[in-house]
Amino acid sequence: VLVQTSFGKVMQRAVTEKETATSDPTKKLGPLPGEVGTRSPFEKLQKKPSDTSSRTPLQDLYGTLTPSDLHYERHHGGVPAIDPEKYELLIHGMVKKPMVFKLRDLKQFPSVSRIMFLECSGNYRGNKEELSPQEICGLTSQSEWTGVMLSTLFREVGVDPRATWFLAEGSDAAVMTRSIPLQKGWEDTMLAYAQNGEAIRPEQGYPARLVLPGWEGNTCVKWIRRIEISDQPFMTREETSKYTEAIGGGKIRQFSFVMDARSIITYPAYPNPVEKGWIELRGIAWSGRGRIVRVEISTNDGRSWSAAELQGPVLDKAHTGFRYLWHWNGDETAIMSRAVDETGYVQPTLKQLSDARGGNTGGYHFNPVTAWIIKRDGRVLFRPEAKK
Amino acid sequence: VLVQTSFGKVMQRAVTEKETATSDPTKKLGPLPGEVGTRSPFEKLQKKPSDTSSRTPLQDLYGTLTPSDLHYERHHGGVPAIDPEKYELLIHGMVKKPMVFKLRDLKQFPSVSRIMFLECSGNYRGNKEELSPQEICGLTSQSEWTGVMLSTLFREVGVDPRATWFLAEGSDAAVMTRSIPLQKGWEDTMLAYAQNGEAIRPEQGYPARLVLPGWEGNTCVKWIRRIEISDQPFMTREETSKYTEAIGGGKIRQFSFVMDARSIITYPAYPNPVEKGWIELRGIAWSGRGRIVRVEISTNDGRSWSAAELQGPVLDKAHTGFRYLWHWNGDETAIMSRAVDETGYVQPTLKQLSDARGGNTGGYHFNPVTAWIIKRDGRVLFRPEAKK
Amino acid sequence: SLKDTASWPQSFGFGRLASSHDIDTLDIDIRPDGKGLPYGSGTVSQGKAIYAAKCALCHGKTGTEGPFNPLVTKTDTASSSKEPGKEKTIGNYWPYATTLYDYINRAMPFNTPGSLTPDEVYSLTAFLLHANNIVDSSAVMNAQTLPQVNMPARALFVPDDRSGGTEIK
Amino acid sequence: SLKDTASWPQSFGFGRLASSHDIDTLDIDIRPDGKGLPYGSGTVSQGKAIYAAKCALCHGKTGTEGPFNPLVTKTDTASSSKEPGKEKTIGNYWPYATTLYDYINRAMPFNTPGSLTPDEVYSLTAFLLHANNIVDSSAVMNAQTLPQVNMPARALFVPDDRSGGTEIK
Ligand code: HEC
Ligand code: HEC
Ligand SMILES: [Ca+2]
Ligand SMILES: [Ca+2]
Ligand SMILES: [Ca+2]
Ligand SMILES: [Ca+2]
Ligand SMILES: [Ca+2]
Ligand SMILES: [Ca+2]
Ligand SMILES: [Co+2]
Ligand SMILES: [Co+2]
């Protein structure tokens with residue numbers, strides 16, 4: 001494909017019929033600079049959608065950023081089509097001045113950029129051996145988010161000092177709502193309009209969404225159209241019927257916002273086999289409570305643990321890359337990683353989690369250590385764990 | 001578009017003919033989770049290709065990362081189509097063991113990720129008022145690169161201690177070559193195979209390229225197929241006829257690798273007009289010699305300068321976001337930014353550069369302070385500068 | 001806060017004041033105390049008919065059959081507290097009756113959301129509360145009665161007490 | 001280095017040894033001292049004919065007309081050193097004759113690169129050096145003669161002396 005310029009035209013004239021049909025790329029003029037780049041046709045990257053979500057292919061990625069078109073998706077009424085010229089955000093309730101902001105208004109306020117992970121609090125599957133990192137915990141992704149701090153907008157509308165909660169409401173078909181403690185809004189919540197350098201993608205909330213650093217994805221309301229400041233939570237369906245978890249003793253935990261520390265080895269991992277010899281174990285670790293301070297690796301089924309190397313810069317509430325050089329002698333073994341965050345929290349085993357929650361293993365905020373079995377023939381399989 | 005699952009089918013059955021044809025997105029079920037995300041059809045992002053390059057639309061971007069499909073392009077024989085299974089890298093010359101690495105071999109070595117800018121050393125245009133940041137200096141982009149350190153491969157092949165240079169050769173139609181001091185290879189050169197989380201895009205060197213932190217883009221050979229270790233430079237066409245610059249006194253500067261510090265205000269900027277009142281000036285600054293330590297802003301045509309706020313984390317040899325809050329009273333003025341890096345280098349004016357180079361203003365490594373004229377009607381125009 | 005606001009003006013002046021029309025159009029949420037409930041009312045039997053016409057396709061004839069989320073508790077509500085989470089329905093898992101109005105009104109029917117009138121939503125709420133053994137068949141739901149409904153699951157909910165550190169919770 | 005290699009093995013064992021066939025297939029570069037030049041030769045008049053057939057379309061009948069890069073100096077070479085960079089051609093800007101062989105061989109013709117034989121490349125090199133007044137019309141180019149050619153621009157090139165800090169260069 002040659003461009004339609006004088007350059008392109010001379011080229012076309014010059015290309016004779018005996019143009020070499022070789023597979024040697026050095027003998028064939030390639031496409032000239034283009035308007036928008038492409039992905040190699042040899043790279044098949046797929047989010048593997050289910051009815052309710054689609055998951056980032058963690059085992060196929062490198063480094064710590066998620067390509068925007070591979071960001072995980074979880075929505076409750078599909079992806080709305082929003083015209084950015086018509087888009088408006090209403091902030092009202094316990095405020096001095098209820099206000100409406102157009103997208104261009106939001107973009108004019110002082111801005112901030114920050115690299116952070118998002119994670120759905122329902123990010124766990126573990127029922128069989130043939131599970132990839134994508135299937136086990138692909139409901140997490142990382143982007144550089146840019147937007148205006150919600151505190152900047154709170155300041156503009158004059159939030160009543162007696163207020164304690166706010167409602168965030170989306171303009172999707174579910175008009176998805178969550179109640180959020182006002183404190184988080186003042187502290188570090190971002191009203192984001194950009195992701196990885198460009199406008200937020202439709203699946204991630206175009207043209208604007210909340211990003212609550214370290215808090216479960218459902219609170220980071222996408223396609224946000226309204227914020228109501230209040231002195232009590234609204235007890236929406238998402239924070240009662242959903243996104244609550246049984247913790248034993250007949251109790252259900254509500255408003256469990258923070259995502260606890262977690263890690264996963266993404267290489268080696270199902271479905272990719274390995275060979276005997278030197279293997280660089282690779283993975284990501286993250287915590288909703290701050291920085292990852294350590295990732296520990298066991299290559300002998302948990303008998304001993306060693307520190308992995310962390311890829312700097314280690315950022316607050318961000319996916320952090322880790323690596324660990326290992327020589328595999330070919331014997332069957334289990335390898336695993338556990339994350340430690342700056343609060344001293346150590347990523348638990350499934351048994352520890354289950355014990356702490358009265359035997360419950362379903363539901364949300366389930367972040368157990370993930371073990372991979374390395375078979376003698378090099379196959380790598382997930383190890384579904386017994387509860388007790 | 002509903003997915004072809006039982007879920008999708010029940011949904012389809014449920015959608016009656018009187019499905020609301022409203023523009024209210026809350027009344028219309030949107031597309032369910034998908035395989036690969038999309039860009040909003042309202043966002044038209046374009047690299048504006050010329051015959052030889054295409055440029056990142058800096059004025060349309062947010063934060064510091066460049067979406068991979070908007071990464072600038074400069075190539076000398078178009079974009080080759082390379083089958084990753086057939087791809088091989090040969091390292092030979094002054095080495096103990098000349099070796100061939102398949103892509104999978106390269107990926108097995110200890111890996112590194114790093115956020116860095118790339119910039120073409122020919123990144124300057126300044127001939128008229130109607131120029132956007134993209135047109136003035138859009139031949140720079142930033143990505144998180146992942147790969148193996150070249151030093152790791154040097155170690156594997158056993159580089160002769162008497163060697164001083166190496167040749168890097170691409171497998172594009174120009175079989176593009178550059179000679180690079182061996183020291184840079186040992187120091188921090190990366191053989192990258194991934195960009196922003198996924199495989200490098202074809203336009204950026206799929207499946208593997210060099211990334212030389214802070215050095216001109218042309219040295220970061222794409223689609224790399226061969227590295228020959230030597231004790232002298234090869235004097236290829238790209239480092240003699242091209243990528244050299246006249247510096248006065250009849251002299252031509254060769255092997256000018258490092259990209260000096262630079263900055264540009266990307267908002268306000270042509271072609272986007274502004275309104276009276278509070279304006280957050282935004283832009284990016286970078287240096288091939290290390291970290292940006294300061295960006296200074298003038299809103300009165302250079303009479304006084306104030307420090308902008310830098311967006312952390314401020315990374316080594318990386319685009320660094322800056323911001324400066326300004327109240328525009330509506331009078332015509334000129335605004336500009338200048339970057340200062342950790343070596344103390346202060347981004348020069350065009351006159352300083354021209355004076356230092358015997359009146360030469362063409363060619364490469366041209367990084368002058370960019371001034372925007374703000375007209376009373378809010379139009380923002382580039383100010384082409386006289387040489388002397 | 002991530003921003004040093006010392007040099008900021010009192011107000012940036014971006015955006016506009018919201019009119020009461022702006023607010024009324026969007027302010028659809030219902031609080032547990034009933035704030036937000038509109039004028040109107042509905043009965044169990046009205047709800048039963050609307051349910052059959054607009055909901056049964058997805059939630060089952062009696063609200064237990066699916067294919068989508070079960071809405072009606074199969075077991076009696078008392079036993080549900082033994083193992084909350086096993087069957088998460090209105091009868092054994094929903095702490096507030098107002099949530100039912102709010103959610104049906106904003107999100108259901110899934111394929112034609114926002115299409116129900118207040119009377120329809122009150123009726124469906126009455127029907128689903130009755131089907132879950134929470135109100136009797138003569139119940140009328142409106143802005144006064146709905147917030148009074150006591151939900152069996154209310155007492156089960158506790159706030160999050162995780163706070164990092166060495167304890168696993 | 002960015003890596004702590006203390007715990008690394010002597011060799012990771014990834015990849016394979018290159019055979020001389022592997023190397024010979026790819027090792028096409030030509031160094032200023034002539035290393036890499038293949039067997040073969042070419043004359044100015046042979047080059048003239050090949051140029052007319054395969055190059056003139058893009059570089060002009062005499063190498064000055066374009067549409068693409070001019071290859072031949074219009075002014076005499078002596079004057080070019082006054083303002084290098086004005087007209088960047090083989091005659092006034094190229095420091096090494098071997099580069100010409102190397103580049104034509106690897107990259108030209110732009111649309112059918114890698115299609116020329118060594119004799120053709122030697123001939124084109126001879127022709128272009130002559131057109132730029134660097135060798136006379138009887139010159140024969142081969143692995144021995146080409147590295148001996150003195151290029152007028154050679155003396156103009158100086159290494160980069162920028163090193164950061166306050167000085168602008
Ligand atoms: C076309 C399919 C469909 C129709 C019709 C439909 N629903 Fe639903 N309903 C769903 C789906 C799917 C969900 C789950 C949505 C989610 O989790 O985001 C749901 C969820 C619900 C819930 C919440 C259940 C829970 O466990 O939290 C209620 C209550 C509900 N629907 C009531 C109704 C009522 C009342 C009607 C009729 C007026 C109706 N639905 C019509 C598909 C449907
Ligand atoms: C279809 C067009 C086309 C044809 C045919 C063509 N060239 Fe070129 N040539 C170009 C272009 C375009 C460039 C610049 C490439 C670049 O800058 O990357 C170029 C560059 C060159 C250069 C380097 C010029 C410089 O300033 O550095 C030389 C030498 C050259 N060509 C020689 C030849 C010879 C010899 C032939 C015939 C065997 C030939 N070209 C055929 C288009 C062509
Ligand atoms: Ca305004
Ligand atoms: Ca309200
Ligand atoms: Ca604690
Ligand atoms: Ca091997
Ligand atoms: Ca060689
Ligand atoms: Ca210096
Ligand atoms: Co939670
Ligand atoms: Co240079």
Side-chain angles (χ1 to χ4, degrees), chain B residues 76-77 90-92 97-102 105-106 108-110 112 149 151-152 155-156 167 169 173-175 177 186-188 225-226 228 230 232 234-237 240-241 244-247 250-258 260 289 341 343-346 348 352-353 356-357 360 362-363, chain D residues 1-3 5 8 10-20 22-23 25-33 36 69 81-86 88-90 93-96 98-100 102-103 105-107 110-111 113-114 153 155-169:
Chain B
H76 291 270
L90 168 67
I91 306 186
H92 72 118
K97 298 182 290 178
M99 293 191 74
V100 172
F101 302 100
K102 311 272 297 173
D105 297 323
L106 295 175
Q108 279 183 283
F109 283 98
V112 164
M149 296 307 293
S151 57
T152 301
R155 206 175 156 276
E156 192 74 19
L167 183 77
E169 182 176 270
V175 207
T177 42
W186 281 113
E187 211 173 273
D188 61 0
R225 71 170 193 178
R226 186 169 72 95
E228 179 171 349
S230 170
Q232 53 179 272
F234 293 74
M235 300 299 176
T236 74
R237 180 255 191 173
T240 53
S241 165
T244 52
E245 54 270 3
I247 50 169
K251 293 297 174 189
I252 301 166
R253 182 190 285 156
Q254 196 185 17
F255 297 126
S256 50
F257 294 120
V258 183
D260 279 323
R289 297 191 194 276
D341 73 17
T343 74
Y345 179 90
V346 181
Q352 284 177 299
L353 277 169
R357 297 182 190 171
N360 283 288
Chain D
S1 168
L2 292 169
K3 281 289 196 180
T5 60
W8 288 14
Q10 186 75 25
S11 162
F12 285 98
F14 310 139
R16 62 172 171 84
L17 281 180
S19 67
S20 48
D22 288 325
I23 297 171
T25 318
L26 298 185
D27 187 10
I28 59 171
D29 60 87
I30 315 298
R31 277 199 333 200
D33 59 8
N69 303 35
S81 62
K82 281 182 202 144
E83 185 58 309
K86 261 270 136 70
K88 292 162 75 170
T89 59
I90 295 161
Y93 205 88
W94 287 52
Y96 299 94
T98 46
T99 309
L100 199 50
D102 179 82
Y103 182 70
N105 180 54
R106 66 174 66 240
F110 196 74
N111 53 311
L156 311 180
F157 283 76
V158 294
D160 185 15
D161 65 347
R162 296 170 308 143
S163 66
T166 51
E167 205 178 354
I168 302 303
K169 283 188 165 178

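Predicted model only: the values in this text are computed from it and were never measured. Each chain gets a letter, A, B and so on, in the order the sequences are listed, and its residues count up from 1.
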A side-chain contact here means heavy atoms from C-beta on lying under 4.5 Å apart; do Met235(B) and Pro95(D) qualify?
no
For [X], which atoms come within 4.5 Å of any heavy atom of chain D: side chain, backbone, both, or neither?
{"X": "Phe255(B)", "result": "backbone"}
{"X": "Arg253(B)", "result": "both"}
{"X": "Glu228(B)", "result": "side chain"}
{"X": "Leu353(B)", "result": "both"}
{"X": "Glu169(B)", "result": "side chain"}
{"X": "Lys97(B)", "result": "both"}
{"X": "Arg289(B)", "result": "side chain"}

Which atom pair, heavy atoms only, marks the closest approach of [X] to [Y]?
{"X": "Ala173(B)", "Y": "Pro113(D)", "value": "O-CB, 3.3 Å"}
{"X": "Phe110(D)", "Y": "His76(B)", "value": "CE1-O, 3.2 Å"}
{"X": "Ile23(D)", "Y": "His92(B)", "value": "CG2-ND1, 3.4 Å"}
{"X": "Val346(B)", "Y": "Ile168(D)", "value": "O-CD1, 3.6 Å"}

Ring pair (Phe, Tyr, Trp, His ring centres under 6.0 Å) partners for Phe157(D), two or more places apart
Tyr93(D)
Those residues at least two apart in sequence (or on a different chain) that pass ring pair (Phe, Tyr, Trp, His ring centres under 6.0 Å) with Phe101(B) are Phe109(B)
Ala155(D) portion near chain B, given a 4.5 angstrom heavy-atom threshold:
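Looking at Ala155(D), just its backbone touches chain B.
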